[in-house]
Structure formats: structure tokens, C-alpha cells
Amino acid sequence: MLIDGYKRVHDYLRISLTDSCNLRCFYCMPDEKISCMPHKHLMQPEEIDQIASLFVRLGVKKIRLTGGEPLVRKEAADIIRRLGKYPVELTMTTNGIRLHEFADVLQEAGLRSVNISLDTLQRDTFQHLTRRDHFQQVYDNILLATRLGMRVKVNVVAMKGINDGEINDFVALTQELPLHIRFIEFMPFTGNHWEYARVIGLQEILDIVGQRFQFAPIAHKKHDTAKNFQVEGHAGTFAIISTMTKPFCDDCNRMRLTADGKMKNCLFSRTETDLLSALRQGLDIDPLIRECIATKAAERGGQITDDYTHTDPLLIENRSMIAIGG
Ligand code: SAM
Ligand code: SF4
């Protein structure tokens, strides 16, 4: 078992397959000219397999594939098949653009749930946010995933002046569709234009929803980062991931592996542990993993204080979100 200094058991691993993407969401990708990691620096399918098998032996019960966009990784199907053989809940966070091409592979690998990101229901806002015109493809693939019987969570980064006027449109979608809409508070990363004025917090979102719908909380599951709610009579639910206004670090069970094989014990961790280089040198990475977990900070990588309103994203020592794996 992997236990940190605060007695938190870590049994959930998020593996980034790439730092490339077929979208350019401004809040995720830094401004500077984008250069992706060279292919030889990425964990290769057999290396991902090897590292994953060790994490499973160390008690991991859930693996999420992410990125960048996991489904643009050339070897995505091979990697998904390899991980499908482990006794874990395998899942994925994707922008959904290529989901239809992987429907068979995902089903074969036993993926029963998927998180698809979509921040707006307006085609022109989608284009403005992502600098690409793929709204319809993403929306169609959300519907496809529900038809395939998957549990579909829709990730919506809530941002003032961008999609605050659409919060209730997303909640309205849950009336007929069995979707689980998750509003994520906008988080600061290097070069992502974060400012406090753009954050729409938990309470503010609930106030907006309350103007149109009557809703009630749903029982909280252990390790759930989201606070969940349902409008009476709706097929789906909505939730808020309140990393900024009400963090959930006390109950954290997450670890991350970047596409170039660096382990991060927190999304906001300053330090990284280079598992891939050690693996390539033939070293035992078990002690490195344990040491990485043992040194985890109590909250938000020790980089964002309770008074998050004054956070300066330029002072946070971290990668951009696209290079971490969200
Ligand atoms: N490309 C995939 C996708 O978009 O779903 C997976 C990677 S993406 C980095 C994972 C999640 O992080 C997405 O739901 C995205 O909206 C979210 N995200 C990225 N930057 C964020 C930020 N600054 N604040 C909050 N959420 C963010
Ligand atoms: Fe790509 Fe996902 Fe980041 Fe958007 S949020 S740029 S889709 S990795």
C-alpha cells in the first residue's frame, strides 16, 4: 500500500499518454510556441505496462488515462488494451473528438465510464476557447458514449465572462440525458491566464442553478473530488469540483504519471520523481514511488494557500496542465 505522511492511502493513478493535443484550450495550453515532447522521451507502451503493473502490485485500484489528448497518442489502442488486462477500474479523460474511432477498443478493454470535456454548448464559443471547430464531433461522441452504455461525465471548466451564462443550459441537459455534468473551478497553471476574477466558485454555481432549478445533494462517495447534486426528476446529475474554494485534499488518493514518466504526488506538486529514467537504467523504482508519496504536501502541493484569491500563477512552480495530465 502507498501511504503518505498524513495517512492517506493512494490507490488511484492517472497516466498521461502525451502532451500533444488536437485542441488548444487557452486555460490548459501555455501561450508560448508549443513544442511537444520528442517521442523517445515518452513512456513506450511496454514501459507503461511495466510501471502500471508495479503500481497495481502496490495497491492501485483505478487507472485513468489522460494527457494532453490521450486519443491522439499513436499507440493509444495498444496501451488501452494492455491496461485493460489489469484488475483495476480503467477510465479515461478525453476531449472526445476521436472517441468514435476507439469505441471497439474501449469496450474490449472494459472501460465503463469516460470523462469528456466540453466547456460550452455554443459552436462559436467552442471555437474561441479551443481555437478549433470540433463542437459537433464532441457533442455527437458524448451521445455515442451514452448509447454505448458508458457512464459519461462531462467536464466543464467554469469561467467568468466565457461560459457563466451557460451553467443552467448544461444542467438542463441532464433532464433527458443520463449525463453527469461536472463544473470544475478554474485552476492556475503556468501561462494559463488564470486570475481570481475569472473563477466561478462552488457557492456561486449553486446560486445560479438555484435561480432555475430545485436540486438536492447526492450522497458523497469516498475520494470523490466532486460535490454532487441532482435536479428532481432529471435523468442525470451535476457536480462541482471545488479545488479553489473548497479543496478536498484531506481525502486525496491520487498520483500522477506524466507522459515522460515523471511521478507527481499532487496536481500542484513542485517536485517530480523520474521513474522512467530509473526504469531504463534497470533500477528498482518501487522505493522511488514510496519516497514520492511519503513527501506529499498536506494540501495543493503546498503552493496554493487558503487565501487562494491572491494566487499568482507565475509564482507557482509547476508544468502547464497539458504537460501534467489533468
Ligand atoms: N484532453 C483531455 C480533455 O480535455 O479532457 C484530457 C486532458 S485535460 C488536461 C483534463 C481536464 O483538465 C479537462 O477536463 C480540462 O478541462 C481540465 N483542465 C485543463 N486546464 C484546466 C484549468 N486551468 N482549470 C481547471 N480544469 C482544467
Ligand atoms: Fe487539449 Fe484537453 Fe488541454 Fe483542451 S483541456 S488543450 S483538449 S489537453
Side-chain angles (χ1 to χ4, degrees), residues 14-32 34 36-37 64-73 76 91-99 102 113-120 125-135 137-139 141-142 145 152-160 162-163 170 179-196 198-202 205 225-226 239-245 247-248 254 256-259 264 267-268 300 303-304 308 311 313-314 316 318-326:
R14 301 164 85 110
I15 305 179
S16 172
L17 300 191
T18 177
D19 66 339
S20 300
C21 191
N22 41 6
L23 293 181
R24 296 282 179 275
C25 308
F26 76 82
Y27 54 76
C28 174
M29 206 176 235
D31 280 341
E32 68 254 30
I34 300 144
C36 299
M37 294 166 187
R64 176 177 300 281
L65 301 179
T66 181
E69 172 47 38
L71 296 180
V72 303
R73 175 77 192 254
T91 184
M92 173 180 290
T93 302
T94 170
N95 62 29
I97 294 172
R98 299 193 63 191
L99 190 110
F102 288 84
S113 79
V114 67
N115 288 17
I116 304 181
S117 303
L118 179 66
D119 303 316
T120 174
T125 310
F126 185 96
Q127 193 152 5
H128 165 68
L129 259 166
T130 68
R131 297 176 218 145
R132 297 289 184 273
D133 186 16
H134 292 306
F135 168 76
Q137 186 66 73
V138 176
Y139 192 78
N141 279 343
I142 287 175
V152 182
K153 296 182 188 169
V154 177
N155 285 357
V156 182
V157 182
M159 290 166 290
K160 244 174 226 156
I162 305 235
N163 57 2
F170 276 104
L179 297 175
H180 304 282
I181 306 290
R182 290 141 45 94
F183 298 108
I184 307 177
E185 291 178 353
F186 182 28
M187 297 182 281
F189 295 95
T190 310
N192 82 342
H193 302 279
W194 185 90
E195 47 180 340
Y196 164 57
R198 283 190 194 241
V199 176
I200 316 177
L202 167 80
I205 294 174
T225 51
I240 299 154
I241 301 183
S242 55
T243 316
M244 302 311 295
T245 65
F248 31 79
R254 291 164 179 72
R256 293 180 150 80
L257 199 51
T258 64
K264 285 176 76 73
L267 179 58
F268 295 106
R300 295 186 290 203
Q303 299 215 67
I304 301 178
Y308 78 93
T311 302
L314 296 175
I316 296 182
N318 202 354
R319 299 176 178 222
S320 57
M321 182 62 136
I322 195 161
I324 300 171

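Both ligands and their constituent atoms are indexed starting at 1 by order of listing.
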Ligand 1: which residues have a non-hydrogen atom closer than 4.0 Å? Y27, C28, T66, G67, G68, E69, T93, T94, N95, S117, N155, V157, I184, E185, F186, M187, F189, N192, M321, G326

If every non-hydrogen atom of [X] is compared with every non-hydrogen atom of [Y], which pair is closest and at what distance?
X	Y	value
R300	F268	O-CB, 3.4 Å
G67	S16	CA-OG, 3.4 Å
E185	L202	OE2-N, 2.8 Å
A145	L99	CB-CD2, 4.0 Å
N192	Y27	ND2-O, 3.1 Å

With R254, which residues qualify under salt bridge (charged side-chain N to carboxylate O under 4.0 Å, His left out), at least two apart? none

Is there a side-chain contact between F183 and I200, using heavy atoms and a 4.5 Å cut-off? no

Under the side-chain contact (heavy atoms from CB on, under 4.5 Å) test, residues paired with T18 that sit two or more places apart: S20, V72, R73

Ignoring waters, protein N/O/S atoms under 2.8 Å from atom 4 (Fe) of ligand 2 are C25 SG

Taking N95 as the fixed residue, which of N22, L71, I116 is the one that meets the side-chain contact (heavy atoms from CB on, under 4.5 Å) rule? N22

